[in-house]
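Just so you know, these numbers use all the heavy atoms, side chains as well, and skip hydrogens, waters and symmetry mates. Ligands are counted one by one from 1 in listed order, and the atoms in each one are counted from 1 as well.
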Amino acid sequence: MTVLAGGTDLMVELNFGRRRPEHIVAIDRVGELAGIERNGHVRMGAGVTYTRMLADAGSQALAEAARTIGSPQIRNAGTIGGNLGTASPAGDTLPVLAALEATVVLRSKAGERRVPFADYMTGPKKSVRRADELIVAAEWDEAGPAQTYMFVSTRNAMAISIAGLAMVVDRARKRVGIGLGSCGPTIIRPADAEGFARGLFDEAGWERPHRPSESAAKELGRLVAAAARPIDDVRGTAAYRRHALAVMGARALSRVAQIA
Ligand SMILES: Cc1cc2nc3c(=O)[nH]c(=O)nc-3n(C[C@H](O)[C@H](O)[C@H](O)COP(=O)(O)OP(=O)(O)OC[C@H]3O[C@@H](n4cnc5c(N)ncnc54)[C@H](O)[C@@H]3O)c2cc1C
């Protein structure tokens, strides 16, 4: 089944002749897909656009990611379901969904299944979604305000990310999630960096904002960069991506640790 949500990616594929689907089903007016439910747990319908996320994302990091995407026109049309459908390692919402430990809800005539985001992507533009499955929603537990998304690119708008990083510190659940984009075949979770950050919050007290030392921030950046599996491509070299991730890791920690 080829579905068209916002059409921002699919139209490019059609225009370049990369895909010639026999039938296209437009889903942009399906009400169920356009909803956002929040009650400590967030269920974001696959049809929610980036513009809508700017106002009501249920995640500060997701709102920050939405702000970086494309142009106002792309943000008005592009959806979270489309980002998941394309499953590009450069998709800006995807490191956030990884850091939030989100679940992807898939539905077909055979029923519904829920896939942890960690198991969803299998390679560049590849996922476990079967051809007859519709992405219905993404879900996650509200994690509080200590979270951020940052990326580097050649400019701040209308440019694909060269490296992206989301960090979520859920103070109530004593959990740190980090997601890395554009630096591997899928979105990467740097386990050692997450463990190191947890240790810092254990020491400082999860409930209290603190300013991490420069050496701690630098070490976190080093661990983030070490977990990446970047390649050299037209957008940037692997060495530049690692450097950018180290800088972003250190900055993200300093930023979120100071948010109550
Ligand atoms: C100029 C331009 C700039 C862009 N900038 C960015 C950027 O900065 N960051 C970024 O992440 N992306 C960017 N994109 C890519 C694109 O906008 C996003 O990936 C967007 O999320 C796609 O959403 P859509 O609703 O338009 O998807 P569509 O184009 O409608 O669909 C994309 C793919 O997902 C499938 N699909 C869509 N919805 C579902 C569903 N509910 N269930 C199953 N399959 C589905 C479609 O069949 C298709 O294969 C850009 C695109 C363009 C053209």
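Thr86 OG1, 3.5 Å is the protein heavy atom nearest to atom 33 (C) of ligand 1. Of the protein's non-hydrogen atoms, the one nearest atom 39 (C) of ligand 1 is Val3 CG2, 3.4 Å. Ranking protein heavy atoms by distance to atom 13 (C) of ligand 1, first place goes to Ile69 CG2, 4.1 Å. In terms of protein heavy-atom proximity, atom 41 (N) of ligand 1 is nearest to Ile135 O, 3.0 Å. Protein heavy atom at the shortest distance from atom 16 (C) of ligand 1 is Thr8 OG1, 3.2 Å. Among protein heavy atoms, the minimum distance from atom 11 (O) of ligand 1 is reached at Asp92 N, 2.9 Å. Ranking the protein heavy atoms by distance from atom 51 (C) of ligand 1 puts Asp9 OD1, 4.1 Å first. The protein heavy-atom contact nearest to atom 12 (N) of ligand 1 is Asn83 ND2, 4.0 Å.
Listed by atom number, the atoms of ligand 1 under 4.0 Å from Leu4 heavy atoms are 30 (O). Of all the atoms in ligand 1, the ones that sit under 4.0 Å from a non-hydrogen atom of Gly91 are 11 (O). Heavy-atom contacts of Met158 reach the following atoms of ligand 1: 1 (C) (cutoff under 4.0 Å). Short contacts between ligand 1 and Ala46, defined as distances under 4.0 Å to a heavy atom of the residue, involve ligand atoms 41 (N). Residue Gly70 has at least one heavy-atom neighbour below 4.0 Å for each of these atoms of ligand 1: 5 (N), 6 (C), 7 (C), 8 (O). For ligand 1 and Arg19, the ligand atoms under 4.0 Å from any heavy atom of the residue are 48 (C), 49 (O). Under a 4.0 Å criterion applied to the non-hydrogen atoms of Val12, ligand 1 contributes the atoms 53 (C).
Relative orientation of the Phe151 and Tyr149 rings is parallel, given thresholds of 30° and 60° on the angle between their planes.
By the 4.0 Å N-to-carboxylate-O rule, Arg222 lies close enough to Glu219 to be salt-bridged with it. A salt bridge links Arg38 with Asp56: the closest approach of a Lys/Arg side-chain nitrogen to an acidic carboxylate oxygen falls below 4.0 angstrom. Note on Arg189 versus Glu194: salt bridge recorded, some NZ/NE/NH1/NH2 to OD/OE distance being below 4.0 Å.
Qualifying salt bridge (Lys or Arg N to Asp or Glu O under 4.0 Å) partners for Arg235, counting only residues two or more places apart in sequence or in other chains: Asp233.
Of the listed residues (Gly82, Ala159, Ser153), the one carrying the non-hydrogen atom nearest atom 27 (O) of ligand 1 is Gly82. Nearest residue to atom 38 (N) of ligand 1 from Ala5, Ala157, Ala87, Gly85 is Ala5 (criterion: closest heavy atom).
At a heavy-atom distance under 4.0 Å, only side-chain atoms of Ile74, from C-beta outward, approach ligand 1. Contact annotation for Leu84 and ligand 1: no heavy atom of the residue comes within less than 4.0 Å of the ligand.
Val152 places a side-chain heavy atom less than 4.5 Å from the side chain of Tyr240. A heavy-atom distance below 4.5 Å is not found between the side chains of Ser59 and Val42. The side-chain heavy atoms of Thr86 and Lys125, taken from C-beta on, include a pair separated by under 4.5 Å.
The closest approach between Glu13 and ligand 1 stays at or above 4.0 Å for every heavy atom of the residue.
Figure legend: cation-pi geometry between Arg18 and Phe16, with NZ or CZ positioned under 6.0 Å from the six-membered ring centre and within 45° of its axis.
Proximity of a side-chain donor or acceptor of Glu13 to a complementary backbone N or O of Asp9 within less than 3.5 Å is not detected. Arg171 contributes no side-chain N or O that, together with a main-chain N or O of Gly144, makes up a donor-acceptor pair within less than 3.5 Å.
No more than 12 heavy atoms of other residues, nucleotides or ligands lie within 6.0 Å of CZ in Arg229, so this atom counts as exposed by the packing criterion.
At under 3.5 Å, not a single nitrogen or oxygen of Leu33, backbone or side chain, sits near a nitrogen or oxygen of ligand 1.
Evaluated for a salt bridge (Lys or Arg N to Asp or Glu O under 4.0 Å) with Glu133, the options Lys109, Arg113, Arg114, Arg107 yield exactly one hit, Arg113.
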